[in-house]
Amino acid sequence: MNRDVVCAVLCLVLTFVEALENGLARTPPMGWLSWERFRCNTDCKNDPDNCISENLFRTMADLVVSEGYAALGYEFINIDDCWLEKERSLTGQLVPDRTRFPSGLHDLSEYIHSKGLKFGIYEDYGNYTCAGYPGILGYLETDAQAFADWNVDYVKIDGCYSHPRDMDRGYPEFGYYLNRTGRPMIYSCSWPVYQIYSGMSPNFTSIIEHCNLWRNFDDIQDSWASVESIIDYYGNNQDIIVPNAGPGHWNDPDMLIIGNFGLSYEQSKTQMAIWAILAAPLLMSVDLRTIRPEYKAILQNKKIIAVDQDPLGIQGRRIYKHNGIEIWARPTTPVYQNYFSYAVAFLNRRTDGTPSDVAVTLRELGLSNPGGYTVEDLYEDVNYGTLVPNTKIKVKVNPSGVVILRADVQPSFEPSTARQSFLQQRTPYDPYSIFQPRPNSFI
Ligand SMILES: *[C@@H]1O[C@H](CO)[C@@H](O)[C@H](O)[C@H]1NC(C)=O
Ligand SMILES: *[C@@H]1O[C@H](CO)[C@@H](O)[C@H](O)[C@H]1NC(C)=O
Ligand SMILES: *[C@@H]1O[C@H](CO)[C@@H](O)[C@H](O)[C@H]1NC(C)=O
């Protein structure tokens with residue numbers, strides 16, 4: 001895509017559109033979410049430690065604080081599906097499962113808040129949730145008020161058992177009722193993914209206006225194949241997806257599965273790095289009681305979290321893909337004159353069993369600030385010092401692994417004006433730049 005087309009998309013989508021301005025999610029939300037790891041396990045009789053119950057969420061809240069995640073920004077404890085009784089009350093209220101949530105959600109919410117954390121909940125814009133519990137259709141106002149009464153901070157609304165065509169009206173309508181409660185709640189939508197599945201083109205103008213985050217693609221599963229399919233989806237569709245992200249409104253490639261069963265150490269590093277490039281919500285779905293220290297260290301990598309949480313909120317892109325090697329780059333602060341800093345991830349999708357060398361000049365990556373960049377590796381303790389655009393950097397990338405670098409221009413830090421100039425493209429400078437794939441010179 002050439003620069004004019006990029007500008008046409010960005011300028012149309014972002015310059016003239018109002019985003020959801022509830023003041024929330026200025027950076028991508030971070031926390032813990034039950035679904036990928038704990039699913040719909042309701043068998044508290046035989047599996048009391050792993051079933052979806054208030055104990056599970058209390059325990060995870062405890063660990064998010066005591067194991068140091070909270071101090072790094074992980075703040076939400078989010079319930080997913082399977083928390084409800086199968087029927088509403090006689091007065092039409094949602095009722096949490098009486099045996100698994102005996103203290104009720106107000107109490108659980110208080111507990112989570114008492115730890116300095118925030119509380120998230122799941123429902124569905126349909127007659128049922130995906131697992132067959134009561135959905136919100138027909139009860140939008142009642143349920144929005146129930147969430148507010150329980151002091152919920154984050155609401156994820158799924159899209160099973162509903163008509164994708166109704167979502168253009170339905171998701172904004174529920175957002176309206178959330179807003180009317182007066183309680184600020186992050187609003188996570190599944191609106192685009194269900195429309196895409198049904199062959200529709202989602203109206204992202206409207207989605208940005210009404211949701212703080214939204215899913216575009218499949219649920220993540222516990223496998224490298226699943227992570228790869230998400231990376232490919234975001235890379236292959238980036239021209240449509242990337243411009244929609246920004247403070248208050250994010251694409252959600254789904255949970256972090258680091259520390260579970262399906263990813264190797266290298267693959268886990270890759271998920272963390274690429275999610276940070278994608279400005280993704282960082283919602284861990286892992287058993288924090290048993291996670292091994294090396295995986296915990298990945299989730300607690302401060303430098304990569306800082307990339308994810310960069311205040312410009314510009315989502316990165318795949319700028320190179322050839323022979324199983326990909327390069328992804330995300331413009332970040334600090335910004336100096338018209339030059340952005342970048343996080344750059346080198347990804348090796350090859351399976352030939354030995355690390356691949358990738359050599360590229362900063363200029364070829366689009367990093368052309370004459371004063372240069374201070375470059376460091378975000379996993380390895382390697383600092384390259386200050387490099388000028390003609391410097392060739394060479395990295396060794398393990399199979400299914402990643403090398404992620406940060407290249408900072410001299411700071412002159414004014415995020416809001418920098419973001420504005422990026423969106424309006426008033427300067428001739430394109431932060432994704434003049435990158436010209438020259439395959440043979442790289443590997
Ligand atoms: C939800 O249930 C109502 C009442 O049974 C029905 O009329 C409606 O078609 C259902 N909606 C969906 C999306 O299945
Ligand atoms: C409700 O919407 C208005 C207008 O967008 C906004 O200013 C306000 O902060 C919102 N309130 C809540 C609680 O989301
Ligand atoms: C998309 O949504 C926007 C904002 O709600 C609206 O103005 C526009 O007409 C919609 N576009 C289409 C094609 O429906």
Side-chain angles (χ1 to χ4, degrees), residues 1-4 6-7 10-11 14 27 238 242-243 245-247 273-274 276-279 302-304 306-320 325-347 358-395 402-438 441-442:
M1 184 183 258
N2 69 33
R3 184 180 306 173
D4 294 340
V6 172
C7 182
L10 285 170
C11 299
L14 281 175
T27 61
Q238 59 189 357
V242 168
I274 298 295
I277 296 280
L278 294 175
K302 280 188 195 144
K303 293 173 182 175
I304 298 180
V307 171
D308 183 76
Q309 298 287 302
D310 186 80
L312 290 180
I314 300 172
Q315 182 170 336
R317 299 173 67 95
R318 186 177 69 198
I319 60 172
Y320 176 80
I325 300 296
E326 296 176 13
I327 305 175
W328 291 70
R330 174 173 178 187
T332 60
T333 55
V335 178
Y336 178 63
Q337 292 174 348
N338 288 331
Y339 297 102
F340 289 79
S341 300
Y342 285 84
V344 182
F346 300 85
L347 176 53
V358 183
V360 59
T361 66
L362 294 187
R363 194 182 300 287
E364 285 169 311
L365 293 170
L367 279 64
S368 52
N369 176 31
Y373 300 80
T374 55
V375 178
E376 68 169 331
D377 187 310
L378 303 186
Y379 278 121
E380 304 301 321
D381 198 13
V382 179
N383 197 323
Y384 292 84
T386 302
L387 307 182
V388 294
N390 286 340
T391 316
K392 194 166 212 152
I393 44 174
K394 187 168 163 186
V395 293
V402 74
V403 170
I404 179 167
L405 307 177
R406 182 172 181 124
D408 280 1
V409 291
Q410 283 172 281
S412 166
F413 177 24
E414 211 2 287
S416 55
T417 39
R419 185 176 166 80
Q420 211 51 37
S421 78
F422 168 71
L423 294 175
Q424 293 176 348
Q425 303 272 308
R426 290 271 155 72
T427 66
Y429 184 71
D430 171 357
Y432 294 114
S433 194
I434 45 167
F435 182 82
Q436 300 293 333
R438 282 195 283 153
S441 69
F442 284 11

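All heavy atoms count here, side chains included; hydrogens, waters and symmetry mates do not.
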Distance, nearest 0.5 Å, that separates CD1 of Ile327 from CZ of Arg317: 14.5 Å

Stepwise side chain to side chain contact (heavy atoms under 4.5 Å, CB included) check, Leu405 with Ile393: CA-CA 11 Å; Leu405 307 177; Ile393 44 174; 3.7 Å; yes

How close do Pro331 and Leu312 get, heavy atom to heavy atom, and via which atoms? O-CD1, 4.4 Å

For the student: nearest non-hydrogen atoms of Ser341 and Pro334, plus distance: OG-O, 2.5 Å

For Thr27, all residues meeting side-chain hydrogen bond (donor to acceptor under 3.5 Å, both in side chains), sequence neighbours excluded: Gln309

For residues 376-385, pull every pair meeting side chain to side chain donor-acceptor pair (under 3.5 Å), keeping only residues two or more places apart or in separate chains. Lys303-Glu376

Going by the side-chain contact (heavy atoms from CB on, under 4.5 Å) test, name the single residue among Asp310, Val409, Ile277, Ile314 that passes it with Thr332. Asp310

I need the Leu362 CG to Asn369 CG distance, nearest 0.5 Å. 10.0 Å

Nearest heavy-atom neighbours spanning Pro247 and Pro311: CG-O, 4.1 Å

Return the set of residues passing side-chain contact (heavy atoms from CB on, under 4.5 Å) with Lys394 (not counting sequence neighbours), or none when no residue passes. Asp357, Ala359

Take Val360 and Phe346 through the side chain to side chain contact (heavy atoms under 4.5 Å, CB included) test and state the conclusion after the steps. CA-CA 11 Å; Val360 59; Phe346 300 85; 3.9 Å; yes

Set of residues satisfying salt bridge (charged side-chain N to carboxylate O under 4.0 Å, His left out) with respect to Arg406, sequence neighbours excluded: Asp408

Could you pull out the closest heavy-atom pair between Pro370 and Pro389, with the gap in Å? O-CD, 4.3 Å

I'd like to check the side-chain contact (heavy atoms from CB on, under 4.5 Å) partners of Glu326; sequence neighbours left out, ordered by chain and number. Ile231, Asp232, Arg318, Lys321, Trp328, Leu347, Arg349

Mind listing the closest non-hydrogen atom pair of Val335 and Phe340 along with its distance? CG2-CD2, 4.0 Å

What pair of heavy atoms forms the shortest contact from Ile304 to Ala273, and how long is it? CG2-CA, 4.3 Å

By side-chain contact (heavy atoms from CB on, under 4.5 Å) - contacts of Ala279 (at least two apart): Pro28, Trp250, Gln315, Arg330

